[in-house]
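Reminder, nothing fancy here: chain letters follow the sequence lines and each chain counts from 1. Because only heavy atoms are used, hydrogens play no part in the values below, and waters and symmetry mates are left out as well, while side chains stay in. Bear in mind the structure is a predicted one, so any value in this text is a computation, not a measurement.
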Number of protein chains: 2
Amino acid sequence: MFSLNFIIYLIKIIFLRNKNRRELPSTETYIPNLAYDSVIFGFNGEQLRILILEYHNTGLFALPGGFVKRNESVDDAVKRGLYERTGLDNIYLEQFHTFGDVSRMVPEAMQTILEANGYEIEAGNWLLDRFISVAYYALINYDEVTPVPDQLSDSINWYAVDTLPPLMMDHQQIVEKALQNLRDNLETKLVGMNLLPPLFTMKQLQKVYEAVLGEKLRRSSFQRKILGMDILIRHDKLFMGKAHKAPYLYSFVKNKAGILNPAQT
Amino acid sequence: MFSLNFIIYLIKIIFLRNKNRRELPSTETYIPNLAYDSVIFGFNGEQLRILILEYHNTGLFALPGGFVKRNESVDDAVKRGLYERTGLDNIYLEQFHTFGDVSRMVPEAMQTILEANGYEIEAGNWLLDRFISVAYYALINYDEVTPVPDQLSDSINWYAVDTLPPLMMDHQQIVEKALQNLRDNLETKLVGMNLLPPLFTMKQLQKVYEAVLGEKLRRSSFQRKILGMDILIRHDKLFMGKAHKAPYLYSFVKNKAGILNPAQT
DNA sequence: TATTATTGTAACAAATTGAGACAATAAAGA
DNA sequence: TCTTTATTGTCTCAATTTGTTACAATAATA
């Protein structure tokens, strides 16, 4: 009567329908008009990169974001989102600005995204309303992470901060403000600690500084300054099989009085 | 039949009833769960002070705050509030943090305040719900302002930052964070420009710096540093009738390239 | 005319940063 | 085994910035 392929086709349709026809988030669980966006920085050894996601079938690129539950702090909402996307707990997080312009209301964008994912959304739904967004940046160890796309997005990928795809809404400005804050905090907040693996060479640390600042630094001044801060512990040398003197490995002193402990907002 | 005094008394009652029985703000005009708080700094020549208001008949001290209209940016909401309270337009404003903890939900406080003002409020009203608050600090010229209390508050007064009354909820923490941000921005954002009158002496400027930093500075280093920044214009001397050399008056260069223009968020 | 308090600036020392140089050294090649 | 190569750790000296003290200039007063 029916071919096997047709049956499989039907099952697929039903399955996908069920998957996509799931309930939209509601204001019973989430606070209306409030969202967060996260600029997740990683360092690949050369460049400073951030995680950008692309929504299914829309060509829209965006920062990872989400909503805040009614019984959850904004910080926790961001941590939850980061955990879902990176699998990492205890990420270094810094809130840097809240974006509250009226021009942030772009219902077409949300509508496109939801419809491309098979949701039906009626006019007046809270998701199409205006959103105030609290923006955070996160610093993570690039190598420890395999980012996973969420329900609505095709992909989540690393992009160098100076060659981002065109981002939706005001996300480009959010990234710029994040970068500016990261630069301002570079000296005081020991940014390197969170972008590098536990053991690293002086050269790697310098590369992080250069990538964040976007300029070359002098090797000897840099070394003198960092060592003078008394925040590094020197370990054994790292023999990389290269034809030159081997560099020392370093780690950051933990809980240096007054100065930052990681994973703290 | 009735004495004139009695008539006047009746009129007063009716007038006050109308004044107090006015509609509570509703979520038709305001965004729910979102508020702002403002830390308004002024400098009286010696101390750094902030504006604190006291609610009628409650003994509760608080930062001036308010809600955000649905068709208004958060920045504009704050400007509106500042204008109502200080009469000043074009105030220097800086957003510094958004407070989003769940522990910020203290419905008793709002209930006390509203009831003390003769409002009836039923359980479930949005004003008793949780609020996320975007916090700003403002810098104003102390002498130009006569603060006016709002509808709910008895008084609005200047307090030195180191002798504040006990503030409600987390407002003490908000002040501390504001101060910390003000200190961090002191060098880069030309804070003095906004806390002093247009013409001022070097000593006055130094006093501002000392009040913000909470420490004494050396006169000659300070003078050399500030003059070296090329941000001041020297004017005529100020003769104060004192038995010593008269100081020069200075003003800030406007629109110094790269560096700040005032009244900009 | 001397006295007083405060101002503007110079002068020198101390500390920090910039720029270059040099010896040490891990691996590769002769 | 001895050079060669590229890079590292550190030192030196100059340039710049900051800390500290000193001193002359000067409005009003006695």
Quiz item: If you check every side-chain atom of A:A246, which of C:dT9, C:dA26, D:dT26 has the closest atom?
Solution: C:dA26
Quiz item: Rounded to whole angstroms, how far apart are CG on B:L217 and P on D:dT18?
Solution: 13 Å
Practice problem: On DNA chain C, check which nucleotide each of B:M240 and A:M240 is closest to and give me the residue with the more 5' one. | Solution: B:M240
Quiz item: Out of D:dT29, C:dA26, C:dC12, which has the shortest distance to the side chain of B:A243?
Solution: D:dT29
Quiz prompt | Rounded distance in Å - OH (B:Y250) to P (C:dT7) | solution = 11 Å
Exercise. Return the nearest nucleotide to the side chain of A:R219; candidates are D:dG9, C:dT7, C:dA10.
Key: D:dG9
Quiz item: Quick one: is A:R218 getting a side-chain N or O under 4.0 Å of the C:dA19 phosphate, OP1 or OP2?
Solution: yes
Practice problem: Give a yes or no answer on whether the side chain of B:H171 reaches the backbone of B:L63 with a donor-acceptor pair at less than 3.5 Å. | Solution: yes
Exercise. Looking at every strand, decide which applies to A:T201 at a 4.0 Å heavy-atom threshold: base, sugar-phosphate, or nothing.
Key: nothing
Quiz item: Is any side-chain N or O of B:S220 under 3.5 Å from a base N or O of C:dG8, one able to act as donor and the other as acceptor?
Solution: no
Quiz item: Taking for each residue the nucleotide of DNA chain D bearing the nearest heavy atom, is the 5' side occupied by A:M202 or by A:H244?
Solution: A:H244
Quiz item: Between B:Q223 (CD) and C:dT7 (P), how many Å, whole number?
Solution: 9 Å
Exercise. Measure from CD1 on A:I226 to P on D:dT10 and round the result to the nearest Å.
Key: 14 Å
Quiz item: Does the side chain of A:R224 get closer than 4.0 angstrom to OP1 or OP2 of D:dT12 through an N or O atom?
Solution: no
Quiz item: What integer distance in Å separates A:Y248:OH from C:dT25:C1'?
Solution: 10 Å
Practice problem: Side chain of A:F239 only, please: which of C:dA26, D:dT21, D:dT8 is the nearest? | Solution: C:dA26
Quiz item: Side-chain donor-acceptor pair under 3.5 Å between B:Q180 and B:E176, yes or no?
Solution: no
Quiz item: Does any donor-acceptor pair link the side chain of B:S221 with the base of D:dT20 at a separation under 3.5 Å?
Solution: no
Quiz item: Donor-acceptor pair, A:Q223 side chain versus A:S220 backbone, under 3.5 Å?
Solution: no
Quiz item: Between A:K237 and A:K225, who's closer to the 5' end of DNA chain C by nearest nucleotide?
Solution: A:K225
Self-check item: Atom pair distance, as rounded to whole Å: CG in A:L227 and P in D:dT8
Solution: 14 Å
Exercise. Counting heavy atoms from C-beta on, name the nucleotide in C:dG8, C:dT7, D:dT10 closest to the side chain of B:K203.
Key: C:dT7
Quiz item: Would a 4.5 Å heavy-atom cut-off, applied to side chains only, mark B:P247 and B:K203 as touching?
Solution: no
Quiz item: Is a salt bridge present between B:K79 and B:E72, judged by a nitrogen-to-oxygen distance below 4.0 Å?
Solution: no
